[in-house]
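Below is a structure I'd like to ask you about.
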Amino acid sequence: MSDHDAPHLNQPLGGNEMPRFGGLASMMRLPTQASADGLDAAFVGIPMDIGTSNRPGTRLGPRQIRDESRMLRPYNMATRAAPFDSLQVADTGDVAINTFDLKKSVEIIRQHYRELLSHDAVPLTLGGDHTLTWPVLQAIAEKHGPVGLIHIDAHADINPHMFGEEVAHGCPIRRAQEEGLLDSQRVVQIGLRGTGYAADDFDWCRDQGFRVVTAEQCWYKSLEPLMAEVREQMGDRPVYITFDIDALDPSVAPGTGTVEAAGLTMSQGLEIVRGAWGLNIIGGDLVEVAPPYDPSGNTALMGATLLYEMLCVLPGVTRR
């Protein structure tokens with residue numbers, strides 16, 4: 001997209017045009033539209049928590065992420081990314097899930113993303129519990145084939161089942177791998193930590209060919225060197241980013257359902273997403289923001305910031 005096209009591109013509503021606490025509560029106060037027609041990238045909410053195993057509340061995540069995103073401005077001062085000079089972006093609203101039936105909701109999500117992807121827009125999803133990543137990846141893989149995955153999370157999400165159910169927020173990466181949605185030699189999981197049911201809980205991931213980077217391996221260090229290795233591993237083929245907010249330390253992001261001690265710092269989260277610059281990113285999500293456990297809104301603001309940073313690393317975004 002050339003610079004002379006920029007006036008025709010949607011822009012976030014500025015804080016000098018309308019007070020930040022006013023205006024439409026869309027992602028970054030962008031224009032909204034019902035479909036992804038004509039868009040290069042689409043913010044889309046999935047207000048769902050019926051796949052959660054501990055504290056509910058992520059059904060309210062997309063709404064609060066949008067609300068707190070009012071603080072975000074169009075230009076990235078660190079990377080000089082100018083996404084709104086480069087891409088046509090809008091908020092396409094929420095997926096109308098069936099909040100009384102998780103399996104039906106998974107199918108609703110899959111169909112919604114099939115339609116969205118038919119417009120060649122890159123989806124950036126506001127979650128919502130982590131179950132949603134499985135149907136999104138189903139739709140993504142139909143279009144792009146098996147994808148590389150950058151998975152930032154406290155948990156591996158590779159449970160074979162939860163209470164005998166194969167659809168739950170602890171299972172999406174297991175389901176995606178079983179279905180061949182992932183290019184398993186290009187999967188990296190960052191931030192895994194905490195306690196488990198068996199000493200070898202993370203070894204299933206390694207046995208699949210996934211790279212596992214535990215939180216302990218990230219303590220007290222910059223993750224820029226790690227991301228240089230990840231870029232090498234991912235190459236030029238399609239990559240999806242899924243970021244569970246519980247990857248961050250609960251001192252930074254307490255508003256989530258399955259909290260684990262001693263997680264990533266926010267600056268490390270930024271290093272991971274910014275480190276995906278130059279990759280063929282074909283979608284991303286930020287999941288598990290549960291507003292009831294953080295009345296300050298900080299967790300949602302961290303989530304909104306990470307989604308903005310995902311937008312900034314999409315193919316075609318200019319850097320000024």
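Keep in mind that the numbers below use all heavy atoms, side chains included, and drop hydrogens, waters and symmetry copies.
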Q) Between Asp120 and Lys143, does at least one N-O distance fall below 4.0 Å, as a salt bridge requires? A)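 Yes, this pair counts.
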Q.
I'd like to know if the side chain of Tyr308 and the backbone of Ser69 have a donor-acceptor N/O pair within less than 3.5 Å.
A.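 Here the side-chain-to-backbone pair does not exist.
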Q. With a 4.0 Å cut-off, would you call Glu178 and Arg174 a salt bridge?
A.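 Here Glu178 pairs with Arg174 in a salt bridge, since their nearest N and O are under 4.0 Å apart.
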Q | Side-chain donor or acceptor of Arg70 paired with backbone N/O of Arg29 under 3.5 Å | A |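 A pair under 3.5 Å: no.
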Q) Hey, are Ser26 and Asp91 close enough side-chain-wise for a donor-acceptor pair under 3.5 Å? A)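 There is no such pair between these side chains.
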Q: Using only heavy-atom distances, determine whether the side chains of Ser222 and Glu271 contain a donor-acceptor pair under 3.5 Å.
A: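 Side chains of Ser222 and Glu271: pair found under 3.5 Å.
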(Q) Donor-acceptor pair, distance only, cut-off 3.5 Å: does the side chain of Glu288 make one with the backbone of Asp244? (A)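 No, the answer is negative, given that no donor and acceptor are paired below the 3.5 Å cut-off.
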Q) Stepwise, does the salt bridge (Lys or Arg N to Asp or Glu O under 4.0 Å) test hold for Glu309 with Arg274? A) CA-CA 7 Å; Glu309 294 281 349; Arg274 289 173 181 175; 2.9 Å; yes
Distance-only donor-acceptor hits, side chain of residues 230-238, under 3.5 Å, sequence neighbours excluded:
| unit_1 | atom_1 | unit_2 | atom_2 | d |
| --- | --- | --- | --- | --- |
| Arg231 | NH1 | Gly275 | O | 2.8 |
| Gln233 | NE2 | Gln185 | O | 3.0 |
| Arg237 | NH1 | Asp183 | OD2 | 3.1 |

Q | Glu165 and Lys103, any side-chain heavy atoms less than 4.5 Å apart | A |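 The answer is yes, as the side chains (C-beta and beyond) meet within the 4.5 Å cut-off.
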Q | Shortest non-hydrogen separation from Glu166 to Cys171 and the atoms involved | A |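 Closest approach of Glu166 to Cys171, heavy atoms only: O-CB, 3.6 Å.
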Q) Mind checking whether Leu306 and Ile190 sit in one hydrophobic cluster, side chains of I, L, V, M, F, W, Y counted as touching below 4.5 Å? A)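 Result: yes, single cluster for both.
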Q: For residues Thr258 and Ser53, report the shortest heavy-atom separation together with the two atoms involved.
A: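 Of all heavy-atom pairs spanning Thr258 and Ser53, the closest is CG2-OG, 4.0 Å.
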Q | same_hphob_cluster(Ile241, Leu137) at 4.5 Å side-chain heavy-atom cutoff | A |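 As far as the 4.5 Å side-chain criterion goes, Leu137 and Ile241 are not connected within one cluster.
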Q: With Asp153 as reference, evaluate Thr242, Ile173, Asp246 under the side-chain contact (heavy atoms from CB on, under 4.5 Å) test and give the passing residue.
A: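 Among Thr242, Ile173, Asp246, the one meeting side-chain contact (heavy atoms from CB on, under 4.5 Å) with Asp153 is Asp246.
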**Q.** Single hit among Asp157, Thr52, Thr58 for side-chain hydrogen bond (donor to acceptor under 3.5 Å, both in side chains) with His130
**A.**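 Passing option: Asp157.
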Q) Just by modelled atom types, is the Val106 backbone N or O under 3.5 Å from a matching donor or acceptor in the Trp134 side chain? A)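 Side chain of Trp134 to backbone of Val106: no pair is present.
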Q: Work out which heavy atom in Gly255 is nearest to a heavy atom in Ile245; give both atom names and the distance.
A: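 Minimum heavy-atom separation between Gly255 and Ile245: O-CG2, 4.5 Å.
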